[in-house]
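A quick note: this is a predicted structure, and the numbers were derived from the prediction, not measured. All residue numbers in this chain count up from 1 along the given sequence.
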Amino acid sequence: MKIMNAQMSNAELAELVAKLQADLAEAKAAKGRTLALKVSEKGAVSLYGMGRFPVTLYGSQWERVLNEADTIRAFLKANAGLLSVKEAK
């Protein structure tokens, strides 16, 4: 993001305002614990809303995780007594 200076044009200011509004909307969505997806600059997929930081994996990695959903659910069920639970706000 450009640093604001006295020589910015109206178009540059408008672009900066739009970017800041988008960032604010994204932050509000993450704070509300709704899940949101975003493609990073390097082409990875970031999942927001799970915690303080996003979970970021490449598409092929997400596919591997999603293909193992039943195994993950079974593991969670089998180890339910050992797992901590974070209450939703």
Side-chain angles (χ1 to χ4, degrees):
M1 180 187 313
K2 269 189 173 177
I3 298 176
M4 219 168 61
N5 65 43
Q7 297 177 10
M8 291 182 78
S9 70
N10 286 343
E12 289 173 320
L13 285 173
E15 182 182 334
L16 180 60
V17 168
K19 169 88 170 95
L20 291 172
Q21 286 174 330
D23 290 348
L24 180 60
E26 185 178 306
K28 283 183 180 179
K31 189 173 185 177
R33 297 295 177 217
T34 57
L35 298 180
L37 295 169
K38 179 180 171 185
V39 177
S40 73
E41 292 177 8
K42 294 183 178 182
V45 178
S46 297
L47 173 65
Y48 291 82
M50 297 296 295
R52 184 173 179 175
F53 300 103
V55 177
T56 303
L57 300 171
Y58 289 100
S60 60
Q61 294 171 312
W62 280 112
E63 289 292 333
R64 287 181 59 198
V65 169
L66 293 171
N67 289 338
E68 295 297 325
D70 292 336
T71 303
I72 294 168
R73 284 189 186 98
F75 179 85
L76 294 174
K77 186 175 181 180
N79 292 283
L82 301 172
L83 301 176
S84 297
V85 178
K86 183 175 181 179
E87 297 296 325
K89 292 182 181 182

Transitively linked via ILVMFWY side-chain contacts under 4.5 Å: Phe75 with Val65?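 Cluster IDs for Phe75 and Val65 differ.
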Spell out, yes or no, whether Phe53 and Val39 are grouped together once hydrophobic residues are joined by side-chain heavy atoms under 4.5 Å, including indirect joins. no
Approximate separation, where rounding is to 0.5 Å, of [X] [atom1] and [Y] [atom2]:
| X | Y | atom1 | atom2 | answer |
| --- | --- | --- | --- | --- |
| Tyr58 | Ser40 | OH | OG | 6.0 Å |
| Tyr48 | Leu37 | OH | CG | 10.0 Å |
| Ile72 | Lys77 | CD1 | NZ | 16.0 Å |
| Leu76 | Leu82 | CG | CG | 11.5 Å |
| Leu57 | Glu63 | CG | CD | 11.5 Å |
| Glu15 | Leu20 | CD | CG | 10.5 Å |

Exercise: identify the closest heavy-atom pair between Trp62 and Val55: CZ2-O, 3.6 Å
Asn10 atom CG, neighbour heavy-atom count above 12 within 6.0 Å: no
